[in-house]
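See structure below.
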Amino acid sequence: MEDIINIARELIKRDDIEAIIGYEKGRAPFQTVPFFARTPEDCDKLIMNSLCVNNLVSYINQFSGKVAIFVKPCDAKALVGLLQEHQIEREKLHIIGINCQGALNPKKLRNAIKGRMVKDWSINGDKIKVYYESGEEEFNIKDFLLDKCPACDTRTPPIYDELLGDEIKTADLPELLARVKELEKLPAAEKQQYWNEHFERCLRCYACVKICPLCYCERCFVENASPQWIDKSNNLKSNKAFHLIRAYHLAGRCIDCGECDRACPMDIPLRELNLKMRKSVEEHFNYVPGKDIDVPPPLSTFKKEDPQDFIR
Amino acid sequence: MELILKKEKLKEFLEQLSKNYEIIAPVKEGELINFKSVKDFTKVVMTYQKSIKSPKEFLFPQCEELYKYKFSGKDVEIKPAEVEKKPKAIVGIHPCDAVAIKILDKLFGWDYKDELYFERRNNTLLISITCNTPDWSCFCTSVEGTPYDADGTDIHFTDTGETYYIEGKSEKGKQILQDNNNLFTEAKKEDKDKVEKIKKEIMEQVPVKFDIKKVTENMDCIFDSKLWDRISVKCIHCGACAYLCPTCHCFDINDEGNYEEGKRIRCWDACMFGHFTKMAGGHNPREDEKTRYRQRIFHKFNYYIKNFDTISCVGCGRCIAECPAGMDLVKTLQLIEKGAEHE
């Protein structure tokens, strides 16, 4: 933690840096929240641990000047996407890379403590220790990882100006697309029912849209009134249209940070939709978004030799 | 009127009640607790931490039809919407959500008496339950509420472990208890004492977080404070807070249909959305997060008092617990409590 604070304190002294985007501790047990340090004193509040879950890159354009940003691999992958799509100016950024061995699901942890009042918590190695009003309890980190984490092959940010620690390589990961393949095997009617049950719950609060680092359209299709692409009412038909159009729009762009999953108050497994699109794009174009800034995204690139026989 | 219902008799009580009422009660959906129309009463979860949505949607649905229209030649035929006639009983509502309904009543009965809302409202029985599992985000005690006092409901339950302690509140509620008196036994003094003890214990779990009088006093001189810039940066302007809030009531009116026929509907809207105040000509008086977030706080803790003599927040904490960006209303109100000079 001291590393983070020292780096931040040095950076904020620089005239060209307006703010440092990172995390501070939230009020809830196991909660961290996005934090913007503007003074050396602010920097002392910065934290970095496996409960830092929010994707921070959406906040970059809130600032007019140059910012320094702490990025986990998920944030960095989103950053790669945004830089490729010219949404962020590279010169406006100082990127501090943070390795990640998996992030924790704060809600899952909160459920595990069964409503007991938590005084404090700390993370040491692969354990998280919870201090109650009386007594303490230790949990294994690996039991509380976010769904996206176990199969993630990016443990070191793909882009950074400085990296804390050494690059981490992965091996023997569980299969990322296992769940998608499982769903693909379901008969159409069951698949339909599975998604209908989820989409029926959708509130259309658009938390998934607004939290998504790659959802940056100035005017989202759902907001358009003329023409109105989908009904305002949250009926199943419109909810389904909304989620499917969104998934298509993220095809070849979603970097699987899972923020939509986390943000959805109604627990709709949106990541599964996006992973399905990822699988298709990988199969057809041999491309995985967010990995390498120098590999152009296939769906926004034109080549003369692109196959055209599907155009009739 | 205080009675005792053995827990195993709850199902029977709800079955009796369902002869005259559609039962709306909390059930488990995956990890979520949600109010649903229930037929299988074994699924009802009376003791729960927090339902993801408040049951306000059963009085004020997220989308509802106002009328249908149909063109024939130059004429237009209009058919007003009808509200479902069968009375509803909302069972297991927490005191915060019950108080919220009283707050909504004021708005919907203001300059125009909202017929659709009151048709449902007058046809709905409220059976509340003491909230004995408050969580970290709860702050009802800071906004003049308690986890056990559900003013304005018809019947109130308290889970005492093996039994429910039941209080008849309204005449209608008392009559229902009377009609089913074979299911209950009279509460004794020790039952009453036990409930008092439970209340005291729960109150300790929801400590007062700020002085609401000071907060509302300070609101008038904080409109132009720099505080709003700082605290609103995190907000991602989604509508999760407003849609989960038991007192938020803003709606938008739209038409859905084709050239021949259609319906006019009203749907929830949220002041955090960028297009909420966007006008036909393109001007948007609340263009940034700051003005939108400030509006939300002012509406709840200033304008609502001026219009209806009450704040429009019951401390349920949903907006805090579910905010994907970690916005924290309690922290905001604590800052306002300190006043603008501490910005």
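The structure displayed is predicted, hence computed values, not measured ones. Below, read A as the first sequence line, B as the second, and so on, with proteins coming before strands; counting in each chain starts at 1.
- Between chain B and the options A/Asn234, A/Val118, A/Val33, A/Asn54, heavy-atom pairs under 4.5 Å are most frequent for A/Asn234.
- Between the side chains of B/Ser54 and B/Asp97, no donor N or O sits under 3.5 Å from an acceptor N or O.
- Heavy atoms of A/Gln228 lying under 4.5 Å from chain B belong exclusively to its side chain.
- Looking at every heavy atom in both residues, A/Ala28 comes nearest to A/Trp121 through O-NE1, 4.2 Å.
- Closest of all the heavy-atom pairs between A/Pro269 and A/Tyr194 is CG-OH, 3.7 Å.
- Rounding to the nearest 0.5 Å gives a distance of 11.5 Å between CZ of A/Arg38 and SG of A/Cys43.
- Neither the backbone nor the side chain of B/Glu64 comes within less than 4.5 Å of any heavy atom of chain A.
- Heavy atoms closer than 4.5 Å to chain A are found nowhere in B/Lys263, neither backbone nor side chain.
- Taking 4.0 Å as the cut-off between side-chain N and carboxylate O, A/Lys119 and A/Glu136 do not count as a salt-bridged pair.
- By the side-chain hydrogen bond (donor to acceptor under 3.5 Å, both in side chains) test, B/Arg292 pairs with no residue at all, sequence neighbours left out.
- Counting heavy-atom pairs under 4.5 Å between each of B/Lys331, B/Arg230, B/Lys278, B/Met272 and chain A puts B/Arg230 at the top.
- The stretch residues 200-210 of chain A places A/Arg201, A/Leu203, A/Arg204, A/Cys205, A/Tyr206, A/Ala207, A/Lys210 near chain B, each with some heavy atom under 4.5 Å from a heavy atom of that chain.
- A salt bridge between A/Arg271 and A/Asp147 is absent, with no side-chain N of the basic residue lying under 4.0 Å from a carboxylate O of the acidic one.
- Under the salt bridge (Lys or Arg N to Asp or Glu O under 4.0 Å) criterion, A/Lys240 pairs with no residue at all, not counting sequence neighbours.
- Checked against the 6.0 Å centroid threshold, B/His275 and B/His237 do not count as a close aromatic pair.
- Residue contact with chain A, scored on non-hydrogen atoms closer than 4.5 Å, involves the backbone and the side chain of B/Ala325 alike.
- Between chain A and the options B/Glu289, B/Arg266, B/Glu31, heavy-atom pairs under 4.5 Å are most frequent for B/Glu289.
- Checked against the 6.0 Å centroid criterion, the rings of A/His243 and A/Phe199 qualify as a close aromatic pair.
- For an aromatic pair to be called close, the ring centres must be under 6.0 Å apart, and A/Phe30 with A/Phe144 fails this.
- In this structure, no portion of B/Asp269 lies under 4.5 Å from any heavy atom of chain A.
- A/Leu46 and A/Ala37 make their closest contact through CD1-CB, 4.3 Å (heavy atoms, listed as atom of the first residue, atom of the second, distance).
- Ranked by heavy-atom pairs shorter than 4.5 Å toward chain B, the options A/Met266, A/Glu223, A/Gln31, A/Arg27 are led by A/Arg27.
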(request) Evaluate side chain to side chain contact (heavy atoms under 4.5 Å, CB included) for B/Tyr293 paired with B/Ile231, printing each intermediate quantity in order. (result) CA-CA 9 Å; B/Tyr293 186 66; B/Ile231 51 182; 3.9 Å; yes
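- Chain A forms more heavy-atom pairs under 4.5 Å with one residue of B/Glu322, B/Glu256, B/Arg318, B/Gln49 than with any other, namely B/Glu256.
- Chosen from B/Asp135, B/Ile52, B/Val233, the residue pairing most often with chain A at heavy-atom distances under 4.5 Å is B/Val233.
- Remark: A/Lys232 is not positioned above the aromatic ring of B/Trp268, lacking an NZ or CZ atom under 6.0 angstrom from the ring centre and at most 45 degrees off the axis.
- Contact residues of residues 239-248 of chain B toward chain A are B/Gly239, B/Ala240, B/Tyr243, B/Leu244 (heavy-atom distance under 4.5 Å).
- Both the sub-6.0 Å distance and the 45° axial angle are not jointly satisfied by B/Arg264 relative to the ring of B/Tyr67.
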